[in-house]
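Just so it is clear, the structure is predicted and the values come from calculations on it, not from any experiment. Per chain, numbering begins at 1; letters A, B, ... match sequence-line order. Heavy atoms only: backbone and side chains are in, while hydrogens, waters and symmetry mates are out.
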Amino acid sequence: MTTDSPAASPAPSDFIRDIVAADLASGACQRVATRFPPEPNGYLHIGHAKSICLNFGIAKEFGGTCNLRMDDTNPAKEDVEYVDSIIADVRWLIAGWADEVLRCKADDAPFFASDYFGQIYACALTLIHAGKAYVCDLTAEQTDEYRGAPDRPGRPSPFRDRSVEENLHLLQQMRAGAFPDGARTLRAKIDPHHPNVWLRDPVLYRIRHTVHHHTGDAWCIYPMYDFAHCLSDSIEDITHSICTLEFEVHRPLYDWLLQHLAVPSPRPHQYEFARLSLTYTLMSKRKLMQLVTEGTVSGWDDPRMPTISGLRRRGVTAAALRQFAIHVGVTKYNALTEVAVLEHAIREDLNTRAQRRLGVLRPLKVVITNLPDGHTETVPAANHPLDPALGTRDVPFSREIFIEQDDFAEIPPPKFFRLKPGGEVRLKYAYIIKCEEVVKNADGTIAELRCTADLDSKTGGATSSRKIKGTIHWVSAAHAIAAEVRLYDRLFTEPEPEADGRDFRTCLNPHSLETITAHLEPALATARPDDRFQLERLAYIALDPATTAERPVFNRVITLKDTWAKEAAKG
RNA sequence: UGCCUUAUGGUGUAACGGUAGCACAAACGACUCUGAAUCGUUUUGUCUAGGUUCAAAUCCUAGUAAGGCAGCCA
């Protein structure tokens, strides 16, 4: 119960899984092979997590495989740092769930589109021989000009009718480094007037004298996405190539290239689904990188980031993310999902797995006057209310304790059933106390509360069954450990940070991170990196890597639902 | 004055010509040594207009709205 995800839900169903099932049933394909093909130009985010869950999920459910492949055809934007982070994030997300369907190269490395540069180049030669590609000398600007616009037809390049021999010769020279960047391109010979802009003689190869993070200086020409992607899929025997909606208009090109290159049958087919959008969240790699470079957050793995590494560092589990992916589903509708769905998945997961602990975030000192000076005892506390097998631990209790400031009100609002002057409250696992006196500082703030305890009311005691409406958490002042706790809130104050063309920086939440020193029960001193705890009545927490031997650092993963906050807000 | 795609409660998602269901959110209640969790109840929906059919969320036509496409990015 503490390590497993919540009860497995029924296998998800969506239009893509329907297609896969139909293809298997009809014999269109013998087995299922999907792939997850990120470009290593940034860190993976929760939108990628949706795609990973889809691709690996399908492979798992249908007994197939899923390749992890770096779509690395643009050396100018890519880096090994991103390759490494992507591998780590994918492995973490699928660990214990679908890792057996992950297909890698022999050395356990991911596939790289750049490993196929030789084969892709050979395909370019094939297209030229077939009269289906030509070398074009137009500049980038001229190419744009000739291409026209979505509502304006293009016109043919003046280089469109070069001979096969000349094209062959020029491509070989391009490959040999005879021309500077941008001097020429290889283009498919399709239809300059086609209503679909992507079929107007798309560029297949461009010249880039740039060192590649994976192939070094072996190449100075690099294939474009459209050329490399369909071929990589074919080379890897992918059956279902699943991508996001913006590639829908590219599908005819994907099909054209594979048909004209007569790749082995059955050839892969592309299917598109809607990318994930979340309220109060930014989801573009470029914008996320901006948050990093401008120092708005501490890095790609800042726990406020929607990156997989940020969520992981925050304390969100892979199981919660997978459950979230099931909740949002897979469609072609451009949806905006409420973050509440993510938050629910996180709480649902943590509720079952997190052991309970006591801790006070904003302390208010309470002296229990009818206990002798120096009085100390321990009380047993349940580790998990849903799983008694997890047993109990002894929590030190003494004459002086801390309670939460919010749990006392000198002038209680309506329906406030916590501690108030003259009122009683149950200290969880311990005594019922009554507030006898409010001691104040010179400035009028509350210094401490002086209370008396019903000494027979201890859990299991003679008057322990007395019905007291309120139960609050506490920690022994002398025994509590000091720990840094980082309280996170959403990064933006608006559900759609970029609505109406607004700059997202104008709606950053100034309170997205608050760092406090909390008083935690001693058992939390031995927390380990993968542990998750629920601070009773407050929040789920997880250890941050910034923890040192002297000072533990915890991240608040997410608060508990707070019905009282809602009630209190009503006034 | 182009091409492609999409449209089901506040949000997301089912229903594959035959009772519009589920989840989140919201509201109320029960329970509670966590104002959590759990349990129960409730509110709110098929974009519009035509057509086909015994029967339409589903099929057809037209409209409307939203998204995508004019990188030598992916």
Side-chain angles (χ1 to χ4, degrees), chain A residues 13-14 18 37-39 41 71-74 76-78 136 138-141 143-144 147-154 181-187 194-200 202-208 221-222 224-226 228-229 243-252 272 274 279 285 326-345 347-348 351-352 356 358 381-382 385-386 415-418 425-430 432 457 459 464-473 534-539 559-568:
Chain A
S13 166
D14 53 66
D18 289 346
E39 183 189 17
N41 67 346
D71 207 356
D72 56 348
T73 56
N74 184 5
K77 290 187 175 177
E78 298 156 7
C136 179
L138 255 25
T139 65
E141 296 71 35
T143 305
D144 284 351
R147 182 168 32 235
D151 57 349
R152 180 162 41 87
D181 287 3
R184 294 181 217 264
T185 57
L186 179 75
R187 300 177 66 177
H194 198 101
N196 182 339
V197 180
W198 289 99
L199 258 18
R200 321 237 262 230
V203 172
L204 263 23
Y205 261 106
R206 76 286 214 183
I207 302 171
R208 287 283 176 279
I221 59 172
Y222 292 94
M224 297 288 292
Y225 162 83
D226 291 291
H229 203 91
C243 62
T244 44
L245 247 29
E246 67 270 26
F247 293 101
E248 213 155 21
V249 286
H250 293 239
R251 188 175 355 120
E272 311 87 14
T279 56
K285 275 193 211 172
I326 291 172
H327 279 308
V328 300
V330 179
T331 65
K332 299 184 84 134
Y333 175 70
N334 243 297
L336 177 62
T337 301
E338 294 179 340
V339 258
V341 179
L342 206 214
E343 294 171 345
H344 175 260
R347 289 195 180 101
E348 187 180 46
N351 180 43
T352 60
R356 314 285 123 123
L358 297 180
L386 269 29
K415 296 187 196 168
F416 184 85
F417 43 88
R418 302 177 184 182
V425 77
R426 153 77 62 187
L427 295 175
K428 178 102 181 174
Y429 305 122
I432 294 168
S457 67
T459 304
S464 67
S465 56
R466 278 176 58 203
K467 288 295 175 200
I468 298 293
K469 185 65 175 165
T471 299
I472 64 175
H473 59 277
Q534 183 199 94
L535 250 27
E536 295 209 46
R537 302 209 310 132
L538 294 175
T559 62
L560 257 42
K561 275 177 70 177
D562 192 349
T563 308
W564 167 243
K566 243 182 261 174
E567 181 67 35

For this session: Confirm from the modelled atom types if A:D18 and B:C16 form a donor-acceptor pair under 3.5 Å, side chain to base only.
Result: yes
Exercise. Does OP1 or OP2 of B:G71 have a side-chain N or O of A:R147 closer than 4.0 Å?
Worked result: yes
Problem set entry | Contact under 4.0 Å: A:T139 side-chain N or O vs B:C72 OP1/OP2 | no
Exercise. Is A:Y225 touching bases, backbone alone, or none of the nucleic acid, heavy atoms closer than 4.0 Å?
Worked result: base
For this session: Considering non-hydrogen atoms only, spot the tightest contact between A:R206 and A:T73 and give its length.
Result: NH1-O, 3.4 Å
Exercise. Rounding to the closest angstrom, what is the interatomic distance between B:G35 and B:G9 at atom P?
Worked result: 36 Å
Exercise. Does B:A74 have OP1 or OP2 sitting under 4.0 Å from an N or O in the side chain of A:T73?
Worked result: yes
Exercise. Which heavy-atom pair separates A:Y429 from A:E536 by the least distance, and what is that distance?
Worked result: OH-OE2, 2.6 Å
Problem set entry | Gap separating the CZ atom of A:R466 from the CD1 atom of A:I432, nearest 0.5 angstrom | 4.0 Å
Exercise. Does B:U34 have OP1 or OP2 sitting under 4.0 Å from an N or O in the side chain of A:K561?
Worked result: no
Problem set entry | Interatomic distance where CG belongs to A:L560 and C1' belongs to B:A37 [whole Å] | 8 Å
Exercise. OP1, OP2 of B:C73 versus side-chain N and O of A:K285: anything below 4.0 Å?
Worked result: no
Exercise. How far does the P atom of B:G18 sit from the matching atom of B:C31, given to the nearest Å?
Worked result: 44 Å
Problem set entry | Exercise: identify the closest heavy-atom pair between A:L358 and A:H473 | CD2-CB, 3.9 Å
For this session: Determine the contact category for A:L336: base if any of its heavy atoms lies under 4.0 Å from a base atom, sugar-phosphate if only primed atoms, P, OP1 or OP2 are that close, otherwise nothing.
Result: sugar-phosphate
For this session: Write down the distance separating the P atoms in B:U32 and B:C47, rounded off to the nearest Å.
Result: 45 Å
Exercise. Which of the following nucleotides, B:G68, B:C72, B:U6, is nearest to the side chain of A:V249?
Worked result: B:G68
Exercise. Touch check for A:F247, heavy atoms < 4.0 angstrom, all strands: base, sugar-phosphate only, or nothing?
Worked result: base
For this session: Spell out yes or no: do the side chain of A:E272 and the base of B:U5 have one donor N/O and one acceptor N/O closer than 3.5 Å?
Result: no
For this session: Please check the phosphate of B:C73 (OP1 and OP2 only) for any side-chain N or O of A:R206 closer than 4.0 Å.
Result: yes
Problem set entry | A:W564 ring over B:G35 six-membered base ring, under 5.5 Å and 30° | yes
Exercise. Can you tell me how far P of B:C33 sits from CZ of A:R418, to the nearest Å?
Worked result: 16 Å
For this session: Round to the nearest Å and state the distance from A:E567 atom CD to B:A36 atom P.
Result: 11 Å
Exercise. Using the P atom in both, what is the distance from B:U6 to B:A30, to the nearest Å?
Worked result: 48 Å
Problem set entry | Sugar-phosphate only, base, or nothing, as touched by A:R208 at under 4.0 Å among non-hydrogen atoms | base
For this session: Looking at every strand, decide which applies to A:D71 at a 4.0 Å heavy-atom threshold: base, sugar-phosphate, or nothing.
Result: sugar-phosphate
Exercise. Taking the side chain of A:S464 as its heavy atoms from C-beta onward, which of B:U6, B:C33, B:A37 lies nearest to it?
Worked result: B:C33
Exercise. Roughly, in whole Å, what's the span from CD1 in A:I472 to P in B:G35?
Worked result: 10 Å
For this session: Have a look at A:H229 and say if it touches a base, only the backbone sugar-phosphate, or nothing, with a 4.0 Å heavy-atom cut-off.
Result: nothing
For this session: Determine the interplanar angle of the A:H327 and A:H344 rings, folded into 0 to 90°, and report it as parallel if under 30°, tilted if 30 to 60°, perpendicular if over 60°.
Result: perpendicular
Exercise. What's the base orientation of B:G51: syn (chi within 90° of 0) or anti?
Worked result: anti
Exercise. If you look at every strand shown and take non-hydrogen atoms under 4.0 Å, does A:P252 touch a base, only sugar-phosphate, or nothing?
Worked result: nothing
Problem set entry | Distance-only donor-acceptor test, A:E246 side-chain atoms vs B:G67 base atoms, 3.5 Å | no
For this session: Determine the minimum heavy-atom distance between A:A274 and A:Y333, stating which atoms define it.
Result: CB-O, 3.2 Å
Problem set entry | Any-strand Watson-Crick or G-U partner of B:U58, both distances under 3.5 Å | none
Seminar exercise, completed: Assert: residue with more 5' nearest nucleotide on RNA chain B, out of A:D72 and A:A565, is A:A565
Seminar exercise, completed: Against the side chain of A:A340, the closest entry in B:C72, B:A25, B:G2 is B:A25
Exercise. Which one is paired to B:A74, where only Watson-Crick or G-U wobble pairs with both distances under 3.5 angstrom count?
Worked result: none
For this session: Measure from the side-chain heavy atoms of A:L386 and tell me the nearest of B:U34, B:A37, B:U11.
Result: B:A37
For this session: Specify the separation, in whole Å, of atom CG of A:D14 and atom C1' of B:C16.
Result: 14 Å
Exercise. Using atom P of each nucleotide, how far apart are B:C59 and B:U5 to the nearest Å?
Worked result: 14 Å
Exercise. A:K469 NZ to B:A36 C1': how many Å, rounded?
Worked result: 14 Å
For this session: Figure out the NE2/C1' separation between A:H194 and B:C3, and round it to whole Å.
Result: 8 Å
Seminar exercise, completed: Looking only at heavy atoms, the pair that brings A:E78 and A:E39 closest together is OE2-OE2, 2.6 Å
Exercise. Under 4.5 Å between any side-chain heavy atoms of A:N334 and A:L245, yes or no?
Worked result: yes
For this session: Verify the contact: side-chain N or O of A:K332 to OP1 or OP2 of B:A7, cut-off strictly under 4.0 Å; return yes or no.
Result: no
Exercise. According to the Watson-Crick and G-U wobble definitions, with both distances under 3.5 Å, which nucleotide is paired to B:A14?
Worked result: none
Exercise. Given the C1' atoms of B:G63 and B:U44, what is the spacing between them in whole Å?
Worked result: 27 Å
For this session: Give a yes/no answer on whether the side chain of A:R187 brings an N or O atom under 4.0 Å of OP1 or OP2 in B:G71.
Result: no
Problem set entry | Pair assignment for B:U44, Watson-Crick or G-U wobble, requiring both distances under 3.5 Å | none
Exercise. Which of parallel (below 30°), tilted (30 to 60°) and perpendicular (above 60°) describes A:F247 and A:H250?
Worked result: perpendicular
For this session: Determine: side-chain N/O of A:R537 to OP1/OP2 of B:G35, distance under 4.0 Å, yes or no.
Result: yes
For this session: Spell out yes or no: do the side chain of A:H473 and the base of B:A36 have one donor N/O and one acceptor N/O closer than 3.5 Å?
Result: no
Exercise. Considering only the P atoms, how many Å lie between B:U1 and B:G10, rounded to the nearest integer?
Worked result: 33 Å
Exercise. How far, in whole Å, is B:C22 from B:U8 if one measures between their C1' atoms?
Worked result: 13 Å
Exercise. Is the phosphate of B:C33, meaning OP1 or OP2, less than 4.0 Å from a side-chain N or O of A:T459?
Worked result: no
Exercise. Is there a donor and acceptor pair, one atom on the side chain of A:R356 and one on the base of B:U34, closer than 3.5 Å?
Worked result: yes
Exercise. Nearest to the side chain of A:E338 - B:C72, B:C24, B:A27?
Worked result: B:C24
Seminar exercise, completed: Assign each of A:K77 and A:P195 the nucleotide of RNA chain B bearing its closest heavy atom; nearer the 5' end lies the nucleotide of A:P195
Exercise. When we call it a touch if two heavy atoms are under 4.0 Å apart, what does A:Y222 touch: a base, just sugar-phosphate, or nothing?
Worked result: nothing
Exercise. Atom CG of A:D226 to atom C1' of B:A74: distance rounded to whole Å?
Worked result: 9 Å
For this session: Provide the Watson-Crick or G-U wobble partner of B:C31, both distances under 3.5 Å; none if there is no partner.
Result: none
Seminar exercise, completed: Pairing partner of B:A7, by Watson-Crick or G-U wobble and under 3.5 Å for both distances, is B:U64
Exercise. Which atoms form the tightest heavy-atom contact between A:M224 and A:Y205, and what is the distance?
Worked result: CG-N, 4.3 Å
